[in-house]
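Worksheet: the structure to be examined is printed underneath.
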Amino acid sequence: MPMFSRRTFLQGSAALGGAFALGAGVAARAVASPDPQILAAQFADVRIAADGVTPKIMTYGLDDAPHGGMPPVLRMRKGEAYAARLVNHLDEPTTVHWHGLRIANAMDGVPEITQPYVYPGDTFDYVFTPPDAGTFWYHPHCNTLTQIGRGLAGVVVVENPEDPVFDAEIVLNLRDWRLGAGGKFIDPFKPRDAARGGTYGTVRTTNWQRQPTIEGPAGGLVRVRIAATDVTRIYTLALEGAAAKVIALDGNPVEDPFPLDRIDIGPGQRVDLAVRMPESEGQGATLGNFRGSQPWAIATFRAAGTSLKRDLRDIAPLPANPIAEADLSTAKRIPIDLTATAEHKATASICGSLGYTFWAINKVPWPGDTPDPIAPIEELKLGRSYVLQISNRTPHAHPIHLHGLSFRILTSNKRSFLLPPTDTILLLPDEQAEVALVADNLGDWVIHCHIIEHQKTGMTGYFKVV
Ligand code: C2O
Ligand code: CU
């Protein structure tokens with residue numbers, strides 16, 4: 001415990017002297033939530049493909065005026081209340097899920113499990129205080145293959161005033177689109193692919209543009225926040241033409257930032273890089289996807305201005321987020337088996353069904369968002385530690401995402417290095433991993449594969465924290 005210096009003691013007693021005023025202030029802050037930011041879910045016609053404008057894209061705007069571009073990057077502050085009012089201008093129900101934010105269950109955006117459907121013309125108010133800083137994202141949790149696939153996926157930046165200061169920030173929202181001739185939407189999936197690794201898009205974009213060039217200060221240090229919001233694609237990222245360090249993964253700071261070589265991120269995952277821009281005006285560095293046999297450019301960073309002459313070593317590691325460490329001596333072990341299933345029936349649902357069941361968790365395929373959901377995978381006791389023994393008994397990768405609780409990867413038969421805590425683990429084919437968590441957030445928390453076709457064809461379940 002740190003000793004009190006005379007100075008902090010004096011500050012402490014001054015604060016104590018004003019205890020009544022302080023108490024009143026805290027109470028006032030607890031009841032008054034900030035003015036909500038409008039999030040108007042709506043249709044728009046947007047040029048995504050080279051050969052035509054895509055009609056009926058889905059996006060969010062920050063007011064009730066039509067918005068013709070990518071959903072905005074939402075900025076919040078760690079430990080400060082944030083409010084958003086979802087306004088549904090679509091022609092089907094929707095909700096907003098705040099992916100990776102450890103907030104109250106009632107704000108988690110899962111229909112039937114945590115909140116009612118938001119029907120066309122209706123609104124829903126989200127109010128919460130993000131406990132962690134970092135890069136997160138937001139998307140609907142209703143008819144997700146259609147709604148995320150058609151555009152509803154935006155990046156959340158939770159700022160921390162204690163973060164090191166960069167010369168610039170670049171936010172990248174990576175996703176594909178299933179578009180055919182003239183830029184029109186085609187079927188969102190193929191059943192034979194949904195039963196395998198998932199159906200890929202036909203047009204790849206970064207911030208809704210094909211291979212954009214983005215400027216950054218020459219010789220400067222840029223924080224690049226990358227979110228993989230695609231419904232299927234796993235990326236292998238690398239940067240050519242500039243040095244970079246990985247400083248955070250899935251929102252959580254890397255204790256010891258390491259040079260970026262190649263890094264895999266699956267749907268739902270994020271990576272934050274510290275990039276040292278090339279030295280002279282006009283020089284470029286290319287962020288590429290090196291998965292598969294044909295690498296391609298995700299974005300080019302172009303140096304602008306005279307060199308700031310900065311050094312990657314100038315950046316201190318980011319402060320850690322307050323995520324509790326599991327007590328492994330008392331932790332209860334819970335097996336989670338991911339398998340294919342031969343049971344191919346499907347239940348209709350207000351939030352859409354793909355009409356097939358291909359996958360199961362612990363042999364139980366998720367029936368869809370129904371008024372009488374199946375039993376939780378397990379009831380967790382508030383404050384207790386658990387180890388999930390996740391076995392991927394399939395020959396496909398699955399990015400498994402848990403709502404509301406962050407976990408730490410303890411062991412794996414496929415990897416050796418230590419990662420920070422996360423909300424999404426990209427399980428490799430036949431991987432068996434143990435992950436530890438503290439059940440410190442009350443409510444029903446969904447766990448599912450973030451390859452949305454897998455989520456929607458059975459690979460979903462939930463924990464109940466009581
Ligand atoms: Cu990105 Cu269930 O969520
Ligand atoms: Cu999957």
Side-chain angles (χ1 to χ4, degrees), residues 48 135 137 145 148-149 153 155 170-179 188-190 192-212 214 224-242 244-246 248-250 254 258-273 275 284-301 338 392 394-401 409 412-417 419 422 424-431 433 449-455 459:
I48 301 287
T135 305
W137 64 297
L145 188 62
I148 301 177
V155 179
I170 294 173
V171 180
L172 303 178
N173 182 342
L174 310 188
R175 55 162 302 148
D176 300 349
W177 306 78
R178 298 258 314 146
L179 304 178
F189 77 107
K190 296 180 190 155
R192 53 169 285 128
D193 288 343
R196 297 183 172 80
T199 312
Y200 284 83
T202 60
V203 177
R204 308 178 295 236
T205 60
T206 302
N207 294 349
W208 289 28
Q209 294 169 285
R210 284 166 282 117
Q211 303 188 324
I214 301 164
V224 179
R225 300 177 183 263
I226 304 167
T229 71
D230 188 54
V231 294
T232 306
R233 184 179 296 282
I234 298 164
Y235 298 81
T236 299
L237 304 176
L239 183 67
E240 288 181 343
K245 275 186 173 173
V246 176
L249 290 166
D250 298 332
V254 173
F258 54 90
L260 171 65
D261 175 23
R262 287 183 176 202
I263 196 158
D264 292 345
I265 59 168
Q269 295 195 290
R270 293 86 64 205
V271 53
D272 285 39
L273 303 176
V275 174
T286 301
L287 180 71
N289 179 29
F290 290 81
R291 204 172 179 84
S293 50
Q294 299 272 357
W296 44 273
I298 289 170
T300 299
F301 307 135
L338 310 176
N392 178 4
T394 82
H396 306 284
H398 299 283
I400 299 298
H401 170 49
I409 303 171
S412 156
N413 62 341
K414 298 274 177 184
R415 63 183 97 203
S416 52
F417 56 102
L419 298 169
T422 181
T424 307
I425 174 176
L426 177 58
L427 277 181
L428 303 174
D430 302 308
E431 182 168 1
C449 181
H450 227 290
I451 292 177
I452 305 296
E453 290 151 79
H454 295 176
Q455 174 197 11
M459 204 178 277

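- When ring centroids are compared, H450 and W137 come within the 6.0 Å threshold.
- Contact check for V155 versus R225: no side-chain heavy atoms found under the 4.5 Å cut-off.
- Side-chain atoms of R178 and V231, non-hydrogen and from C-beta on, never get closer than 4.5 Å to each other.
- With hydrogens and angles ignored, the 3.5 Å screen pairs no side-chain donor or acceptor of E453 with any backbone N or O of F189.
- In this structure, the side chains of L273 and V246 come closer than 4.5 Å at one or more pairs of heavy atoms.
- A donor-acceptor pair under 3.5 Å is formed between the side chain of N289 and the backbone N or O of T236.
- Residues L419 and D250 form no side-chain contact, since every pair of their non-hydrogen atoms from C-beta on lies 4.5 Å or further apart.
- Under a 3.5 Å cut-off, the side chain of T232 and the backbone N or O of T199 do form a donor-acceptor pair.
- By the 4.5 Å heavy-atom criterion applied to side chains, I263 and L249 are counted as neighbours.
- Not counting sequence neighbours, the partners of A242 by the side chain to side chain contact (heavy atoms under 4.5 Å, CB included) test are L239, V275, P278, A285.
- Between the side chain of N207 and the backbone N or O of N173 there is at least one donor-acceptor pair closer than 3.5 Å.
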Just do the side chain to side chain contact (heavy atoms under 4.5 Å, CB included) check on R415 and I409 with the steps written out, would you?
CA-CA 10 Å; R415 63 183 97 203; I409 303 171; 4.3 Å; yes

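- Under the 4.0 Å criterion applied to side-chain N and carboxylate O atoms, R204 and D176 are not assigned as salt-bridge partners.
- When each of Q455, H454, E431 is checked for a side-chain hydrogen bond (donor to acceptor under 3.5 Å, both in side chains) with H398, only H454 meets the rule.
- R175 places no side-chain N or O within donor-acceptor distance of the main-chain N or O of T205, the cut-off being under 3.5 Å.
- Side-chain contact between I148 and T229 is absent, with no heavy-atom pair separated by less than 4.5 Å.
- Side chains of P399 and L426 form a contact here, defined as non-hydrogen atoms less than 4.5 Å apart.
- Looking at heavy atoms from C-beta onward, I226 lies out of side-chain contact with Y235 at the 4.5 angstrom threshold.
- Once rounded to the nearest 0.5 Å, the distance linking CD1 of I298 with CZ of R210 reads 16.0 Å.
- T202 OG1 to Y200 OH: the interatomic distance, rounded to the nearest 0.5 Å, is 14.0 Å.
- Distance check, rounded to the nearest 0.5 Å: NZ of K414 to CG of L427 gives 11.0 Å.
- Atoms CD1 and CG, on I170 and L287 in that order, are 10.0 Å from each other to the nearest 0.5 Å.
- Listed by chain and number, the residues in a side-chain hydrogen bond (donor to acceptor under 3.5 Å, both in side chains) with R196 amount to none (sequence neighbours excluded).
- For the side-chain hydrogen bond (donor to acceptor under 3.5 Å, both in side chains) test, residues two or more places apart in sequence or in another chain that qualify with N392 are T394.
- The line from CD1 of I234 to CG of D264 is 8.0 Å long, rounded to the nearest 0.5 Å.
- How far CG of L174 is from CG of L237: 6.5 Å, rounded to the nearest 0.5 Å.
- P212 is linked by a side chain to side chain contact (heavy atoms under 4.5 Å, CB included) to T206, Q209, I214, A299, counting only residues two or more places apart in sequence or in another chain.
- Contact detail for H396 and G197: the closest heavy-atom pair is ND1-N, 3.6 Å.
- Nearest heavy-atom pair, Q269 versus T424, reported as atom, atom and distance to 0.1 Å: NE2-O, 3.0 Å.
- Under the side chain to side chain contact (heavy atoms under 4.5 Å, CB included) criterion, P188 pairs with L145, not counting sequence neighbours.
- Checked against side chain to side chain contact (heavy atoms under 4.5 Å, CB included), T300 has the following partners two or more places apart in sequence or in another chain: T213, T286.
- Across every non-hydrogen atom of G149 and W177, the tightest pair is O-CE3, 3.9 Å.
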